Amino acid sequence: MKKNKISFSSFDVDKQDYYGNLLLIGNGHIGYRGSFEEMDKDSKVGFNLIGKYDQKDNFWRESINLPNPLFVRLCFNDQKLSVLSSSSDNHQMGLLLDKAIFYRHSSFSSLNIDSERFIVDGDTDELISRYVIEVKEAGQLAINYGLDSDVWELNGPHYQKRSFSNEGQGQIRFVGTTNQEAIVIEKVSYHFSVKVGDQNFNENSNRYLNKISIRVKPLDKITLTIKAVVSIIEDESFINEKDLQMNAQLKIPYQKCLNKHMLAWKHDWELAKIELKGPDNDVQKGVAYSIYHLLTLAPHKYITSIPARGLSGQTYKGAVFWDTEIFLAPFYNLLFPKVARNLVIYRINGLAEAIKKAHKYGYDGAFYAWESQENGFEACSEYNIADAKTKKPIRTYFVDKQIHISGDVALGMFNYYEATKDTSIFYLGGIKTLLEIMRFYYSYAHHDIKTNQYFLNDVIGPDEYHERVNNNAFTNYLVKIVGEKTRAIIFSLHQENKQMVEEALKPYQEFFYQKLPIFLEHLFLPAAQKKHLIPQFDGYFKLEDITAYELVKKRITPNEYLGGSTGLANKTRVIKQADVVTLLALFRDFFSARIKRANYDFYLPYTEHGSSLSNSMYSLLASEVADPIRAYDFFKRSALLDLKGDSKNYAGATYIGGLHPASAGGAVLDLIYGFAGLRFTDNQGIIFKPHLPAEIKSIKFRFYEQGILYEAFITKRKILKRRIL
Ligand code: BGC
């Protein structure tokens, strides 16, 4: 089907970044950008890995990029054939979304190149490609191919040592040691369909290449099959064991790997696809792409999480933000509970680092990393953005003041539990995590003796433009809600498993039974004021009344950062992204219809939507307040963001390009929770309160409810929930 295919019929050299992002393939652990075999780091070729990070000197610690095994360059009669240097007669490339296969076709006057690639999600991580040359003219063909370890890195180089070896019969091995001593092993096999003699690889400028030269004639066909397997180990003594495992993996024939991949992908695709009647082809494609993207990011086999730019590169240090819990996890909660569980366990495993961070800033409890790397390590620096004009770093307070992150982590656990009813996470450290999160807020709060209220002062809310504000509504309500949920779940687990809960509660007796209830009762919640409006933070309504549209026009430099103490937005009501709106969208049953409508109308003109997270929250709330036209429009922006590729690439002078998982996840949220109106209830399980916009005639999708697979089919007149398995 057309909507399940992304295709381009020509190559535009200026759009390399865009193709590279969009045509990415991945398996939740490794990802390969949509570049061509003849390209190198200048074209941002990227073979990215999730879960392993490295720091070079004092640069930002970031995820690592693996050596590129798919490097192939052709010369025909001494003339280079490349989409970058010669104009090809005909050029096509794309992605088959329902098969997760990248393909390219290039037609030069002398020969055609066809290649396809995919990533297997098996016991090891494998990137597999088939590169086919079809000769049209007689001549001398040189093929230069091998492993390129001179990779694209934002804050590298990350390999302090590297060695290559030729293992014979077209198989080579790379062993690289990162600055922080992780060992990356990559083994690659190159297999030709024609006789090419011995393959003698040579090292040159961090490339390990072989060159063959053959006489060819019209209709000759040469197929090069490339298989790459990667492993990361911490200790050299495991190299031999890994080596054997990887050799076995490399022996599996191409077709077998392809079949396995297609079968696994088909299963996931059938489960996750959302069928819509009504929307135009672009929107259908945007939805299919969003689902494709979420599937490529799902950590099935590792306890890792999902970086803000997914597998598309090292932007944002390859770190995990609140994006995962709020925008991505709800999709996995409904369809891939094991993946969702891994995301929760990743955070539970991060507790020790969160406690360390709280301690560093002088607080008790767990202050989660704003930019979380392995084991919850905080990667966020105090200077995250460089000034667009002077290039000087700007002090931002994301790391030390964006405290809602711990509450987001708690909410992620509750959302997972609500969808799956899996209580095991609480016994596996979840209770402790929740209590430490609450202890953090309790120690952060300022107790005002006069009013007997607790204030959360000096914070940053989701709108990052206004820093160090007091009582951000989103944060205070979030803390109250997850705090009450923490109490409720512990009391309910106590009935199920008294002994374990009492054991877990032992160190927290006084806090849990005495301090926490008082804190929650007296926590200040910014109430709706005149005209039902909730102030985003103390004093927000006193700020200059200018719209986002007008303020953006005042920018002197393109990409100028509007936030921070010197940014244009500072003294105004202009906000970067949905903030009070996120609060109302996520906790729609907590607020009256009037409050939701009033705040939605009010904050709209002040919102810049300067983050890819903003549109989907507006759509969710628009559905709730019966503004279907805007609900659809915001959803569309979220669904089409990466397909269109016109999002911000720079914040100030800092590169922030790449794919936007939160936008893909947000679009799915808008469809399932917004338009279809999925809700969890205590006595009826999952129910639907749809708000279908005019453009959507029907919506059909699957979801698990406590291990049972259902299909929902919703039209203007019908709501059907049918058991499938
Ligand atoms: C947004 C954050 C988000 C981060 C990663 C920032 O621009 O303001 O809310 O978590 O990007 O996507």
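Quick caveat, the model's predicted, so the values are computed rather than measured. In each ligand, atom 1 is the first atom listed, and ligand 1 is the first ligand listed.
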Is the [X] ring parallel, tilted or perpendicular to the [Y] ring (thresholds 30°, 60°)?
X: F327; Y: W322; result: perpendicular
X: Y632; Y: F635; result: tilted
X: F336; Y: F331; result: tilted

Any idea which atoms of ligand 1 are less than 4.0 Å away from a heavy-atom of [X]?
X: Y316; value: 5 (C), 6 (C), 7 (O), 11 (O)
X: A308; value: 5 (C), 12 (O)
X: L613; value: 3 (C), 9 (O), 10 (O), 12 (O)

What residue and heavy atom of the protein are closest to [atom], and at what distance?
atom: atom 9 (O) of ligand 1; value: W322 NE1, 3.0 Å
atom: atom 4 (C) of ligand 1; value: F321 CD2, 3.7 Å
atom: atom 12 (O) of ligand 1; value: D323 OD2, 2.6 Å
atom: atom 8 (O) of ligand 1; value: Q577 OE1, 2.6 Å

Report task. May I ask you to check if R309 and Y316 form a cation-pi contact, with NZ or CZ under 6.0 angstrom from the six-membered ring centre and within 45° of the axis? Result ->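 No, cation not above the ring by the 6.0 Å, 45° rule.
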
Report summary line: At under 4.0 Å between heavy atoms, what of K576 touches ligand 1? The answer is side chain

Query raised in the report: Under 3.5 Å, side chain of Y368 to main-chain N/O of R347, donor-acceptor pair present?
Result: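 Yes, Y368 side chain to R347 backbone: donor-acceptor pair under 3.5 Å.
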
Query raised in the report: Do Q55 and N179 meet the criterion of a side-chain donor-acceptor pair at a distance under 3.5 Å?
Result: no

